[in-house]
Amino acid sequence: MFIKEIEFVNFKSFGRRVKIPFYEGFTAISGPNGSGKSNIIDGILFALGLSGSKTMRAEKLTDLIFNDAKSKQPEFAQVTITFDNSDRKAPVEADEFEISRKIKQTKSGYYSYFYFNGKAVSLTEVHELLGKAGVTPEGYNVVMQGDISQITAKMSPTERRKIIDEIAGVSEFDEKKQKSLAELDIVKEQIEKIDIIVEEVK
Ligand code: ATP
C-alpha cells in the first residue's frame with residue numbers, strides 16, 4: 001500500500017486545488033525554503049487524523065485554511081489522500097481508496113469531517129482501517145523533522161529497540177505471544193484440575 005496522490009483544496013499554502021502525485025517506493029519533493037514542502041506532511045497528518053502524537057504546525061485547526069491576506073479567506077480546506085491498495089494491505093476490496101478530511105469555518109466555530117471514498121466516517125473508523133494496514137498515530141509511518149535526532153541521540157537502546165520492533169511488525173507478534181501464553185496458563189490450570197478429578201474417580 002502506498003500513497004498515490006494527495007489533493008489539497010485551500011490547505012495552508014495550497015490555495016485552490018493542487019494535486020501531487022506520488023510513486024511506489026520513493027518520491028522526493030524539493031523546493032525553496034517556505035515553498036510548502038512541510039505543509040504536505042501537515043496535510044497527511046491532517047487528512048489521516050494522525051496528529052494526536054505528531055504536531056501539525058498550526059496553532060488552531062482554522063489556521064490550516066489558505067489565507068493570503070489579499071483575498072477573503074475560503075470557508076473550508078480539504079485534503080484527500082488516494083492510496084494504492086493493489087497489495088490489499090488495507091481491508092478494502094479495491095485497488096485504490098480515498099481518505100479525506102475537510103474543515104469548515106462558520107460564524108459559530110468550525111466543523112471537521114472525515115470521508116472514506118466520499119462517505120462520511122468517524123475518526124475512529126479511519127484509525128481502524130489504517131491500523132489494519134499498520135498506519136497508526138503513534139507509529140513511524142510519518143517521520144517528522146527532529147524524530148531522527150530524538151531516536152539516534154536521545155533514546156535509550158531499549159526504547160530504540162521498541163521502535164525497530166514496531167516498524168518491523170515484531171511488537172504485534174509479541175502482544176499475540178503474551179496473549180497466547182496467558183491462555184496457555186489457563187488451559188494448564190484446567191488440565192491440572194481435570195487430572196485431580198480423574199485421579200479421584202479412579
Ligand atoms: P523549509 O524548506 O524552510 O522547511 P518548506 O518548503 O517546508 O520550507 P513550509 O514550511 O511547508 O515550507 O511552508 C511555509 C509556508 O506556508 C510559509 O510561506 C507560510 O506563509 C505558508 N503558509 C502556512 N500556512 C498558511 C496558510 N494558512 N495560508 C497560506 N499560506 C500559509
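In each ligand, atom 1 is the first atom listed, and ligand 1 is the first ligand listed. All residue numbers in this chain count up from 1 along the given sequence.
With hydrogens and angles left out, the side-chain atoms of Arg57 and Asn39 include a donor and acceptor closer than 3.5 Å. Side chain to side chain, Glu183 and Ser180 fail the donor-acceptor criterion of an N or O pair below 3.5 Å.
In this structure, Gly31 does not count as a contact residue of ligand 1, since none of its heavy atoms falls inside 4.0 Å of the ligand. Contact analysis puts Pro32 in contact with ligand 1, with a non-hydrogen atom separation below 4.0 angstrom.
Residue-level proximity to ligand 1 for Asp42 is absent, since no heavy atom of it falls below 4.0 angstrom. The backbone of Asp63, and not its side chain, has at least one atom closer than 4.0 Å to an atom of ligand 1 (non-hydrogen atoms only; backbone = N, CA, C, O).
Those atoms of ligand 1 with a heavy atom of Ile65 less than 4.0 angstrom away are 26 (C), 27 (N). Near Asn67, meaning under 4.0 Å from one of its heavy atoms, ligand 1 places the atoms 26 (C), 27 (N), 28 (N), 29 (C).
Between Lys154 and Glu159 no salt bridge is recorded (no basic side-chain N to carboxylate O distance below 4.0 Å). No salt bridge links Asp174 with Lys177; every basic N to acidic carboxylate O contact stays at or beyond 4.0 Å. Between Glu75 and Lys104 there is no salt bridge, since none of the side-chain N atoms of the basic residue sits less than 4.0 Å from a carboxylate O of the acidic one. Salt-bridge formation is not detected for the pair Lys12/Asp63: no Lys NZ or Arg NE/NH1/NH2 atom is positioned less than 4.0 Å from an Asp or Glu carboxylate oxygen.
The two residues Asn141 and Gly134 have their closest heavy-atom pair at ND2-O, 3.0 Å.
Taking a distance limit of 4.0 Å, we find that atom 19 (C) of ligand 1 is approached by no protein heavy atom.
Of the protein's non-hydrogen atoms, the one nearest atom 15 (C) of ligand 1 is Gly34 O, 3.5 Å. Of all protein heavy atoms, the one lying nearest to atom 12 (O) of ligand 1 is Gly36 N, 3.1 Å. Closest to atom 16 (O) of ligand 1 among all protein heavy atoms lies Asn39 ND2, 3.0 Å. Atom 4 (O) of ligand 1 has its closest protein heavy atom at Ser38 OG, 3.9 Å. The closest protein non-hydrogen atom to atom 10 (O) of ligand 1 is Arg57 NH1, 3.0 Å. Looking only at protein heavy atoms, the nearest one to atom 23 (C) of ligand 1 is Lys12 CE, 3.8 Å. Among all non-hydrogen protein atoms, the one lying nearest atom 21 (C) of ligand 1 is Ser13 CB, 3.9 Å. Shortest contact from atom 2 (O) of ligand 1 to any protein heavy atom: Lys37 NZ, 2.8 Å.
Cation-pi contact between Lys102 and Tyr113: absent, since separation from the ring centre below 6.0 Å together with deviation from the ring axis within 45° is not met.
Between the Asn85 side chain and the Ala90 main chain, a donor and an acceptor come within less than 3.5 Å of each other.
The ring of Phe2 has its center no closer than 6.0 angstrom to the ring center of Phe22.
Of the N or O atoms in Gln145, none lie within a sub-3.5 Å distance of an N or O in ligand 1. Considering backbone and side-chain N/O atoms, Leu64 never comes within less than 3.5 Å of an N/O atom of ligand 1.
The number of heavy-atom neighbours closer than 6.0 Å to CZ of Arg160, taken from other residues, nucleotides and ligands shown, is above 12.
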